[in-house]
Protein chains: 2
Amino acid sequence: MDADDVFKALSDPTRRKLLDLLYEKNGQTLGELCANLDMARQSATQHLGILEAANLVSTVKRGREKLHFINPVPIHEVYERWVRKFEIQRLSLLHDLKKELEGE
Amino acid sequence: MDADDVFKALSDPTRRKLLDLLYEKNGQTLGELCANLDMARQSATQHLGILEAANLVSTVKRGREKLHFINPVPIHEVYERWVRKFEIQRLSLLHDLKKELEGE
DNA sequence: TTAATATGCAGTCATTTACCTGCATGTCAA
DNA sequence: TTGACATGCAGGTAAATGACTGCATATTAA
């Protein structure tokens with residue numbers, strides 16, 4: 001996984017909305033997704049390309065249509081690498097800060 | 001929480017490295033953090049400003065020094081909103097894709 | 001008080017980003 | 001086959017980003 005690609009992909013509200021749309025209904029076409037956005041189709045294509053490059057979305061061509069599917073694996077990997085370790089110390093931090101303010 | 005601020009903050013490798021550095025040793029000064037980076041101090045300041053704006057880092061002034069502390073709460077919120085729901089359907093997706101390829 | 005240290009603030013600049021328009025290609029249906 | 005539909009591809013542009021330099025301010029220590 002390339003954490004940079006995944007976070008960059010997730011850092012745009014349009015792309016997060018696309019993931020939400022696919023979460024609601026997986027396998028949507030470009031046209032279906034565009035109907036929910038509010039930008040030119042070509043712009044949405046770029047966003048989907050970024051999601052695909054980050055491996056967050058996989059596509060299948062069916063005739064003249066292109067179907068889009070969520071791939072949650074990179075999100076899971078981000079969680080393993082970036083969230084879980086911070087979860088562990090979540091409760092201990094107030095303690096650190098207090099100690100520091102008291103003069104270390 | 002502003003998901004946009006949090007994801008944007010996490011989308012830069014320098015800023016993720018800063019969080020890692022603070023995870024290793026919480027409460028470091030700007031100077032300490034800079035020693036591990038490889039850019040001008042002023043650039044690091046900007047990055048830390050972004051982390052602080054996203055509420056991922058809190059600071060305390062001690063004399064002429066500025067101490068930096070991780071705040072893992074936004075990361076937890078990102079997890080709750082963006083990871084957990086995708087976790088749930090993680091196993092069902094291969095199924096979706098197969099079905100689709102078989103002609104729906 | 002003065003010099004060294006730690007950080008803050010303003011302005012510049014190249015690159016990237018996120019949108020757009022216009023046109024091309026490929027597929028289905030009448 | 002031909003027109004309608006779904007998508008692909010090639011620029012173009014304004015704004016955001018991430019780095020820098022230069023100078024200002026505030027604190028500590030001699």
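What you see is a predicted model, and the numbers here were worked out from it, not measured in a lab.
Legend: salt bridge (charged side-chain N to carboxylate O under 4.0 Å, His left out) pairs involving residues 37-49 of chain B, not counting sequence neighbours: none detected.
Taken residue by residue, residues 35-43 of chain B places heavy atoms nearer than 4.0 Å to DNA chain C at B:Arg41, B:Gln42.
Rounded to whole Å, the distance from CD on A:Glu32 to P on D:dA6 is 10 Å. The CD atom of A:Glu52 sits 13 Å away from the P atom of D:dT7 (whole-angstrom rounding). To the nearest angstrom, P of C:dT15 lies 16 Å from NZ of A:Lys8. Atom P of nucleotide C:dT7 and atom CD of B:Gln28 are separated by 11 Å, given to the nearest angstrom. Going from atom CG of B:Leu30 over to atom P of D:dA26 covers 17 Å, rounded to whole Å. For the pair B:Leu33 CG and C:dT7 C1', the interatomic distance rounds to 13 Å; values are reported in whole Å. Rounded to whole Å, atom P of C:dT16 lies 18 Å from atom CG of A:Asp12. Atom C1' of nucleotide D:dT17 and atom CZ of A:Phe7 are separated by 18 Å, given to the nearest angstrom.
Across the interface with DNA chain D, nearest-nucleotide mapping of B:Ala44 and A:Thr45 shows A:Thr45 to be the residue nearer the 5′ end. Each of B:Gln46 and B:Thr29 was assigned the nucleotide of DNA chain C with the nearest heavy atom; the assignment lying further toward the 5' end belongs to B:Thr29. Nucleotides of DNA chain C nearest to B:Lys66 and A:Arg15 differ in position, and the one nearer the 5' end is that of B:Lys66.
Under the side-chain hydrogen bond (donor to acceptor under 3.5 Å, both in side chains) criterion, B:Glu65 pairs with B:Arg62, sequence neighbours left out. Partners of B:Ser43 by side-chain hydrogen bond (donor to acceptor under 3.5 Å, both in side chains), not counting sequence neighbours: none found. A:Arg81 meets the side-chain hydrogen bond (donor to acceptor under 3.5 Å, both in side chains) test with B:Asp20; sequence neighbours excluded. Annotation: side-chain hydrogen bond (donor to acceptor under 3.5 Å, both in side chains) contacts of B:Lys66 (sequence neighbours excluded): none. Residues passing the salt bridge (Lys or Arg N to Asp or Glu O under 4.0 Å) test with A:Arg15: none are found, sequence neighbours excluded. Contacts of A:Lys61 classified as side chain to side chain contact (heavy atoms under 4.5 Å, CB included), with partners at least two apart in sequence or in another chain: none.
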For nucleotides 26-29 of chain C, print each protein N/O atom paired with a nucleotide N/O atom at under 3.5 Å, atom names and distance only.
from	atom 1	to	atom 2	distance (Å)
C:dT27	O2	A:Arg64	NH1	3.3

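In this structure, A:Phe7 and A:Trp82 have perpendicular ring planes: the angle between them is above 60°, well past the 30° mark.
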| Test side chain to side chain contact (heavy atoms under 4.5 Å, CB included) applied to A:Thr14 and A:Leu37, step by step | CA-CA 8 Å; A:Thr14 300; A:Leu37 287 188; 4.1 Å; yes

